[in-house]
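Counting begins at 1 with the first residue of the sequence. Order of listing sets the numbers, starting from 1, for every ligand and every atom in it.
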Amino acid sequence: MSKVMKPATLTNHPPTVEVPPDNHPLVAPVYQSVKFEFDSVDETLRNLRGERPGFFYQRSANPTTRQLELTLAALQNRADCLVCASGVGAINGTLLALTRADDHVLCFVETYGPTRQFIRRTLARFGVRHTMLSIEDLAGVERVLASTTTRLMIFESPTNPLNKIADIAALTALARRHGALTLLDNTFAGFHQHWQYPIDYYLHSLTKYASGHGDVMGGAVIADAEAIRRLRSDFTLLGGALDPHAAFLVQRGLKTYTLRYREQSASALKIAGFLSQHGAVARVHYAGLATHAQHALASRQMTEFGALLSVELRGGADAGRRFAEALQLFAIAASLGATESLVIPPQLMGTQDLSAAELVLSGIGPGTVRLAIGLEDVDDLLADIGQALQDCEKTP
Ligand SMILES: *Cc1c(COP(=O)(O)O)cnc(C)c1O
């Protein structure tokens with residue numbers, strides 16, 4: 001046969017390579033394809049009506065992102081999951097999908113900054129009301145839920161950066177009694193923890209422990225199947241789909257998730273212990289320490305306490321800045337849960353949107369420094385922290 005197709009046609013219709021059904025790759029391929037076709041219009045329509053499995057357009061679904069969704073749902077011990085392009089996308093898309101004008105939302109001063117700002121600024125523009133309490137104020141939660149019909153309560157545990165522990169059993173019981181949905185941003189505790197509580201929606205940044213290598217962003221909502229089905233159409237319209245290559249990288253990162261979480265938590269505990277003995281440090285916030293005010297509660301709820309800790313330096317904001325700059329192995333950078341250690345000095349704590357009273361409620365002080373522990377050798381990290389603290393001790 002002579003050559004039938006011209007080069008421009010050939011390069012746009014490359015040959016298909018079929019892998020035999022009894023021949024399996026150990027790592028699933030990346031389906032880097034926006035479009036999928038069926039052989040007929042009728043089958044396409046059946047797929048779009050949800051009457052047959054398959055894929056049509058990546059903004060709705062893709063096999064690589066779907067594999068990640070099923071993995072994450074199983075890890076959190078729930079039926080289904082929806083992934084999107086960032087943690088903020090997952091959280092704020094869920095908040096948008098679940099609320100309408102005049103609904104009331106209960107949130108906390110200790111909530112992740114962008115979540116707090118989304119509720120206070122963006123949702124407020126659409127007439128969604130909110131009350132913001134401290135996560136330590138259980139009596140306040142009861143009072144607000146009893147007096148104001150509340151659509152949902154969104155919270156975190158441990159909180160950022162002070163590792164306050166939310167009493168999840170008490171909060172979920174109160175929410176159920178008063179008909180409010182519960183949303184737990186479980187990014188800090190990870191996918192293997194807190195599954196035993198009746199949380200309606202788990203929210204995660206995949207940018208942190210899931211991918212674990214600081215090279216990809218993503219977010220996830222995990223819930224029962226019906227809850228995820230209801231969210232999916234809004235998420236498709238919001239458009240922040242996770243790219244299949246990013247999904248592949250997160251899936252690869254997850255292979256070492258449990259090892260990394262365990263190792264980084266063990267290092268964080270050692271470092272927290274060291275810091276709590278140091279003269280330059282007024283206070284250490286790490287729920288794994290027996291001296292943490294909520295250590296007993298944390299131990300009931302969690303088996304590992306995570307890679308994030310914070311300290312109050314006696315020397316205040318200046319000492320915090322000098323400490324961060326003197327650290328050699330800790331980058332002054334956002335995020336956590338990746339392989340490299342990071343530090344956030346007081347100047348970069350991101351509390352500008354809080355009033356003076358709210359800042360007091362949050363517990364963040366002028367000398368609060370946040371450390372995210374990576375996978376470096378813990379002895380090297382301890383030596384680095386020791387040398388950097390010498391500087392702070394010299395100041396009054
Ligand atoms: C990082 C983070 C987010 C946001 O995730 P991104 O992937 O950065 O959008 C939300 N919640 C918590 C607790 C986080 O640490």
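A salt bridge does not link R322 with E325: every distance from a Lys NZ or Arg NE/NH1/NH2 to an Asp or Glu carboxylate oxygen is 4.0 Å or more. Note on R229 versus E226: salt bridge recorded, some NZ/NE/NH1/NH2 to OD/OE distance being below 4.0 Å.
Residues Y286 and H292 place their aromatic rings such that the two centres sit no closer than 6.0 Å.
In this structure, T159 contributes its side chain and K164 its backbone to a donor-acceptor pair below 3.5 Å.
A distance limit of 4.0 angstrom between heavy atoms and ligand 1 selects the residues S86, G87, V88, I91, Y112, D185, T187, F188, S205, T207, K208, M217, G218, L336.
Residues in residues 335-351 take part in these side chain to side chain donor-acceptor pair (under 3.5 Å) pairs, two or more places apart or across chains: S341-E376.
With I168 as the fixed residue, the side chain to side chain contact (heavy atoms under 4.5 Å, CB included) test singles out one of R300, H194, Q196: H194.
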